[in-house]
Amino acid sequence: MEIPKVKVIGKSHVKPKKDIGRKECQLVTFDLPYLAFYYNQKLMLYKGNDNFEGSVEKLKEGLSVVLVDFYQLAGKLGKDEEGVFRVEYDDEMEGVEVVEALADEISIDDLLVEEGTSSLKGLIPYNGVLNLEGSHRPLLAIQDGTAIGCAFNHAILDGTSTWHFMSSWAEICSGSDTISVPPFLERTKARNARVKLDLSLPSDPRASSNGDAKDTKASSNGDTKDTKASSNGDGNTEPQLRERVFKFSEAAVDKIKSTVNANNPPSDGSKPFTTFQSLSAHIWRHVTQARELKPEDYTVYTVFADCRKRVDPPMPDSYFGNLIQAVFTVTAAGLLLAHPVQFGASTIQKAIEAHDAKAIENRNSEWEKAPKIFQYKDAGVNCVAVGSSPRFKVYDVDFGFGKPVVVRSGGNNRFDGMVYLYQGKSGGRSIDVEISLEAGAMEKLEKDQEFLLNV
């Protein structure tokens with residue numbers, strides 16, 4: 001689908017409703033690896049709202065109220081005198097960027113497609129913008145109307161914090177005077193190591209580095225290629241990628257989970273496989289099959305695990321920031337496919353359960369000794385990398401004009417094997433699975449009836 005023609009009719013900035021004064025918040029080890037990611041983009045589409053101007057004003061008024069608690073999103077990235085990154089806020093800053101736009105030539109129904117993100121790009125701000133640019137850009141940008149597109153600086157917050165903010169904003173817009181769950185803003189309670197990073201923006205967006213934090217330039221990790229293969233700057237050609245949303249009904253999710261657990265009676269203290277582990281193993285197995293890898297080829301499964309309850313001491317669910325770490329597990333494609341699906345599920349389960357407070361501490365200590373600024377596509381060879389979570393109640397985000405009809409990710413931070421999991425629109429235990437894959441593998445996956453499980 002062609003990118004819709006979007007006409008910008010207004011641009012403004014929204015600040016917290018009341019003066020807060022000067023605030024500084026050190027970024028911690030959990031935040032810093034994401035500086036060279038792109039802004040994290042979310043799009044929520046709503047129907048049945050014919051009062052555009054009134055809705056925009058309502059959203060902006062609610063935003064000004066909620067930013068009193070979430071003031072960090074109205075600030076900028078900066079550094080202290082020792083070169084440690086931090087969020088800086090003062091009442092003289094512009095605040096959150098809000099863009100009002102119209103797309104007269106496209107309807108909500110046109111966007112309820114399961115294929116691609118190109119049609120969404122005009123509706124979400126900050127395509128191709130690195131988090132590091134938060135030093136001179138707002139940390140949150142919103143393009144609103146019936147479609148609310150948001151771009152969050154991923155060095156500032158993870159998925160849990162993103163949807164905490166969105167739910168709180170909607171709560172205010174729906175008539176509440178205060179938010180029900182204030183954010184916990186003391187990041188240094190989770191980690192207080194001070195890591196100096198010498199990073200600057202690349203002069204050429206296509207420039208690359210080896211990711212070492214001692215480099216003077218952060219590398220860009222590239223947009224999804226929707227239409228054709230393109231050069232990656234070193235003479236090689238990157239494959240054409242496609243994105244697709246696969247909708248797994250509650251019955252399909254239950255069938256996947258029961259199948260994975262059927263031949264896995266708990267023993268020796270082992271636990272039944274969770275819905276997440278079962279669905280992850282299902283996706284990993286069938287994507288590996290669709291890629292037609294050689295038996296000796298390695299394949300990596302990566303999940304960005306929430307560490308709020310894993311760190312010692314545990315942090316509250318309302319912790320605002322990044323409190324995630326990438327958990328990796330690897331096996332040969334031949335082993336994964338030769339064994340029943342329980343093999344992949346067990347591999348994933350063991351990796352996740354092993355990521356305890358000690359493992360997190362070791363990971364942080366190693367990183368602080370030799371910092372590496374990763375690109376989003378550094379998730380591993382032949383990878384399946386899972387982000388977001390069906391636990392996030394994205395379809396409960398009601399700003400006062402109904403629940404969203406669809407929630408999607410933008411085109412930033414996509415690569416071959418990136419998967420986003422969302423609560424299914426049909427409710428219950430249904431799950432929507434957004435997958436980005438090389439075009440040939442995607443075509444095979446679409447024809448894989450065992451994967452689709454249309455029940």
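Exactly one of Gln349, Glu353, Lys257 qualifies for a side-chain hydrogen bond (donor to acceptor under 3.5 Å, both in side chains) with Gln277. That residue is Gln349. Partner Asp432 forms a salt bridge (Lys or Arg N to Asp or Glu O under 4.0 Å) with one of Arg244, Lys425, Lys247, Arg408 and no other, that one being Lys247.
For the pair Arg22 and Tyr89, the cation does not sit on the ring face, since its NZ or CZ is not both under 6.0 Å from the ring centre and inside 45° of the axis.
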- Message: For Gln26 and Arg191: C-alpha separation, side-chain torsions, deciding distance, then whether side-chain hydrogen bond (donor to acceptor under 3.5 Å, both in side chains) applies.
- Response: CA-CA 10 Å; Gln26 174 189 323; Arg191 189 75 179 176; over 6 Å; no
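Distance alone, capped at 3.5 Å, places no donor-acceptor pair between the Glu97 side chain and the Lys11 backbone. Arg363 places a side-chain N or O within donor-acceptor distance of the main-chain N or O of Ala326, the cut-off being under 3.5 Å. Using a distance-only test at 3.5 Å, with no hydrogens or angles considered, a donor-acceptor pair links the side chain of Asn322 to the main chain of His154.
In this structure, Lys372 does not pair ionically with Glu366, as no charged nitrogen and carboxylate oxygen lie closer than 4.0 Å. Salt-bridge formation is detected for the pair Arg308/Asp306: a Lys NZ or Arg NE/NH1/NH2 atom is positioned less than 4.0 Å from an Asp or Glu carboxylate oxygen.
Nearest heavy atom pair, residue Gly321 against residue Asp31, reads C-OD1, 4.1 Å. Taking every heavy atom of both residues into account, Met93 and Lys15 meet most closely at O-CE, 3.2 Å.
Using a 4.5 Å cut-off on side-chain heavy atoms (C-beta onward), Ile283 and Ile435 make contact.
Ring orientation note: the planes of Phe399 and Trp169 are nearly perpendicular, at an angle over 60° on the 30°/60° scale.
Using modelled atom types, one finds no donor on one side chain facing an acceptor on the other under 3.5 Å when comparing Lys350 with Thr329. A donor-acceptor contact closer than 3.5 angstrom is absent between the side chains of Gln41 and Arg414. In summary, the side chains of Thr29 and Trp367 do not present any donor paired with an acceptor at a separation below 3.5 Å, with no hydrogens or angles considered.
Two rings, from Tyr126 and Tyr38, have their centers 6.0 Å or more apart. Checked against a 6.0 Å centroid threshold, the rings of Tyr301 and Phe328 do not count as neighbours. Taking the ring centroids of Tyr39 and Tyr34, they lie at or beyond the 6.0 Å cut-off.
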Could you list the donor-acceptor pairs under 3.5 angstrom formed between side-chain atoms of residues 62-71 and any protein atom two or more places apart in sequence or on another chain?
| from | atom 1 | to | atom 2 | distance (Å) |
| --- | --- | --- | --- | --- |
| Ser64 | OG | Glu61 | O | 2.7 |

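Applying the salt bridge (Lys or Arg N to Asp or Glu O under 4.0 Å) rule to Asp317 yields the partners Lys309; only residues at least two apart in sequence or on another chain are considered. With sequence neighbours excluded, the residues satisfying side-chain contact (heavy atoms from CB on, under 4.5 Å) with Ser388 are Phe392, Tyr420, Tyr422.
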